[in-house]
Amino acid sequence: MSDAPAIFEFGDFVLDERRRELRRDGAPLLLQAKPVALLGYLVRHRDRAVPKQELFDAVWPDAIVSDASLSSALRDVRRALGDTGSLQAFVRTERGRGFRFVAPVNERPASSLAVAVLPFLDLSPSGDQGHLADGLAEELIRSLSQAPDLQVAARTSSFAFRGEGRDVREVGQVLGVGRVVEGSLQRDGDRLRVTVQLVRTTDGLHDWSETFERNLEGIFAAQQDIVRAITDALRSKLGSAWSERAPVDTRARELHLVGQRLAKVPAEDALHDAIRYLEQALALEPGFALAQAELGIAHYDLWDSGFDATAARLERAREHAERALGLDSDLPEALSIFALIESNSYRWAEAERAVNRALEINPSSVDALQVRSALHCEAGRVEDALADGQRVLALDPLSPIMNRWVGKVHYFARDYGRAIELGRRARELGAGATDWHATVLSHLAKERPEQALEETIRFVPPEAEPAIRAGYARAGVRGVVEDVLRLGAALSGQPYGPFPESAAVWLAYLGDPERMFEAMELGYQAGRMWFIQADPVYDPYRSDPRFRDLLARMGLSD
């Protein structure tokens with residue numbers, strides 16, 4: 001039997017080894033990483049009963065676990081499949097021999113098709129159609145990503161290869177793809193000429209090339225033609241790998257593309273400008289669901305970044321997410337931002353339903369994968385969060401934000417070396433400061449106080465560096481933390497700074513539970529009390545009644 005990832009079909013279920021996912025009737029089931037791995041091993045070795053020790057070695061290779069861990073994982077598998085103690089239609093216990101998968105199985109290879117859509121070149125005489133060129137490439141990414149058996153590199157990583165003279169072999173090596181889609185766009189008045197080609201990354205040869213000429217009014221409809229041609233060239237059985245959309249007013253579409261580009265700039269002015277352009281697009285085309293969703297995302301980013309961390313701003317984000325879902329209930333971008341907003345109201349079940357639906361529609365959505373990874377962390381399912389994080393980095397290896405996020409998940413997993421490594425990688429890719437909390441505490445866990453100090457220096461404003469170094473000379477890392485907390489309070493005029501949830505982390509490190517719980521309460525009230533189930537800094541406080549009460553109010557009790 002080949003060791004290559006496979007897809008196993010049995011009953012109403014599909015087990016996808018490449019995605020580490022069990023689906024029923026197309027919908028992903030909430031099954032943690034170890035139960036999925038256990039099920040996969042049993043299915044692969046369905047010709048025999050698998051002994052208990054072999055399962056320990058296969059599923060928990062680097063850990064010493066008890067029979068209780070195996071029993072718990074088996075119970076989760078059987079519950080997901082509908083098996084019971086008396087009805088063992090899938091996994092049968094064979095006394096003295098082990099466990100055997102007994103249902104009929106149809107096995108097929110998991111698709112190895114992987115593609116990256118590179119930013120299109122703007123060859124217009126005036127060179128001012130970059131927003132149209134980027135927009136067309138982004139639409140191709142969105143459409144192709146909806147194919148369940150096609151892996152599509154994320155925009156951030158694909159767009160790192162901008163400009164002429166790109167080496168497709170390097171693209172293939174860095175992004176792990178076998179094909180790239182390249183294109184160019186040339187606008188002359190109301191005429192648009194788009195050339196697209198599909199190139200093998202192994203040898204640079206073209207599998208397919210075609211030129212489309214349209215009036216400007218028709219270029220967005222031409223996107224569907226391009227997607228169909230690409231999927232035909234890939235010779236894959238993608239079914240309806242794209243979604244048909246109602247025509248959108250051309251001017252509204254152009255305004256949306258400008259707003260979309262501005263929304264990716266992490267600056268307050270850019271976000272406000274993005275909102276203005278998206279609102280103008282919606283004024284012309286009120287039924288434009290994607291613009292509604294991205295308007296919700298822009299409002300959320302203003303709230304999340306602290307530029308406007310008010311309840312009113314978060315509510316505006318929710319309003320636009322709900323309007324987008326009202327226009328298109330299966331729009332992945334709307335489902336992902338809605339899931340994120342629901343999590344800020346501690347409505348975990350609703351958030352998980354929305355993000356799982358987003359991934360069912362678009363399995364290559366790194367935004368949805370990141371949201372689901374975060375939801376796993378909130379529930380303390382760090383192994384599952386890591387599995388989604390690995391998938392994120394496979395799709396988007398050059399994203400500073402995603403490298404920083406997955407580094408934080410490794411911190412939650414107590415893998416401090418990897419957390420530091422990914423934090424450094426994020427900074428090299430352009431993230432600016434790393435995740436200060438995760439990286440500094442990882443250095444401290446490895447007894448590296450000077451590295452923790454230097455990471456802090458990168459995080460604070462330049463003018464604060466002398467005071468921070470003085471604090472370290474006075475009282476070591478404790479002095480640094482105390483000075484940073486005082487600086488945040490002074491700059492914001494609030495006792496725990498602009499982000500009390502962050503202050504709570506450092507007060508936990510300092511061993512100051514009274515102030516820690518005060519800050520946690522403020523963070524909870526603001527909808528920002530994140531990841532307390534997973535964060536090791538809170539380990540000393542988990543038995544405190546106040547901690548357990550907060551978990552209960554957040555809906556995170558066992």
Side-chain angles (χ1 to χ4, degrees), residues 4-7 16-21 108-121 133-134 136-184 195-210 223 226-239 241-242 332 359 361-370 387-403 406 425 429:
I7 292 175
D16 188 333
E17 286 189 311
R18 181 166 57 83
R19 294 201 183 101
R20 301 177 185 180
E21 183 177 78
R108 56 188 173 90
S111 172
S112 60
L113 286 172
V115 65
V117 181
L118 304 185
F120 282 24
L121 300 175
D134 282 358
L136 182 53
E138 290 179 13
E139 282 297 304
L140 282 169
I141 291 172
R142 291 186 68 252
S143 295
L144 289 172
S145 294
Q146 294 179 34
D149 292 331
L150 182 65
Q151 177 170 304
V152 183
R155 177 197 183 278
T156 303
S157 292
S158 293
F159 275 41
F161 295 92
R162 184 181 289 279
E164 298 186 67
R166 301 170 291 204
D167 185 344
V168 295
R169 294 171 182 83
E170 180 188 0
V171 175
Q173 292 170 357
V174 173
L175 302 185
V177 297
R179 303 285 192 280
V180 297
V181 179
E182 294 184 314
S184 64
T195 299
V196 186
Q197 53 202 21
L198 185 66
V199 185
R200 297 202 302 255
T201 60
T202 51
D203 51 22
L205 296 179
H206 289 195
D207 278 344
W208 162 84
S209 179
E210 192 163 338
Q223 179 256 338
I226 297 169
V227 173
R228 287 187 178 89
I230 292 171
T231 54
D232 287 344
L234 286 170
R235 298 175 186 161
S236 58
K237 297 179 181 179
L238 300 178
W242 53 85
L359 286 167
I361 299 162
N362 182 353
S364 293
S365 171
V366 292
D367 292 329
L369 282 165
Q370 184 192 21
D388 277 344
Q390 290 167 355
R391 174 88 174 130
V392 163
L393 290 187
L395 291 165
D396 207 1
L398 301 182
S399 166
I401 292 173
M402 295 306 174
N403 275 271
V406 180
R425 173 70 170 155
L429 289 169

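Annotation for Pro397 and Ser157: closest pair N-OG, 3.1 Å, computed over non-hydrogen atoms. Residue Pro119 comes nearest to Ser158 through the heavy atom pair CD-O, 3.4 Å, listed as atom of the first residue, atom of the second, then distance. Contact record, Ile141 with Arg155: CD1-CA, 4.0 Å, taken as the closest heavy-atom pair. Between Phe120 and Glu182, the shortest heavy-atom distance links the atoms CE1-C, 4.2 Å. Counting all heavy atoms, side chain and backbone alike, Ala116 lies closest to Leu175 at CB-CD1, 3.8 Å. Closest of all the heavy-atom pairs between Val199 and Gly204 is CG1-O, 3.4 Å.
With rounding to the nearest 0.5 angstrom, the CG atom of Asn362 is 8.0 Å from the CZ atom of Arg142. Taken from CG in Asp207 to CZ in Arg200, the straight-line distance is 5.0 Å, to the nearest 0.5 Å. Atom CG of residue Leu118 and atom CD of residue Gln197 lie 10.0 Å apart, to the nearest 0.5 angstrom. Taken to the nearest 0.5 Å, the CD1 atom of Ile401 stands 7.0 Å off from the OG1 atom of Thr156. Phe161 contributes atom CZ, which lies 9.0 Å from atom CG of Asp167 (distance to the nearest 0.5 angstrom). For the atom pair CG (Leu359) and CG (Asp367), the distance works out to 10.0 Å, reported to the nearest 0.5 Å.
Using a 4.5 Å heavy-atom threshold, the side chains of Leu429 and Ser399 count as separate. Leu395 places none of its side-chain heavy atoms less than 4.5 Å from the side chain of Val152. Here the side chains of Leu398 and Arg425 are in contact, with some heavy-atom distance below 4.5 Å.
At distances below 3.5 Å, not a single donor-acceptor pair connects side-chain atoms of Asp16 with backbone N or O atoms of Ile7. For Arg169 (side chain) and Asp203 (main-chain N/O), a donor-acceptor pair under 3.5 Å exists by modelled atom type.
Under a 4.0 Å N-O distance rule, the pair Asp134/Arg162 qualifies as a salt bridge.
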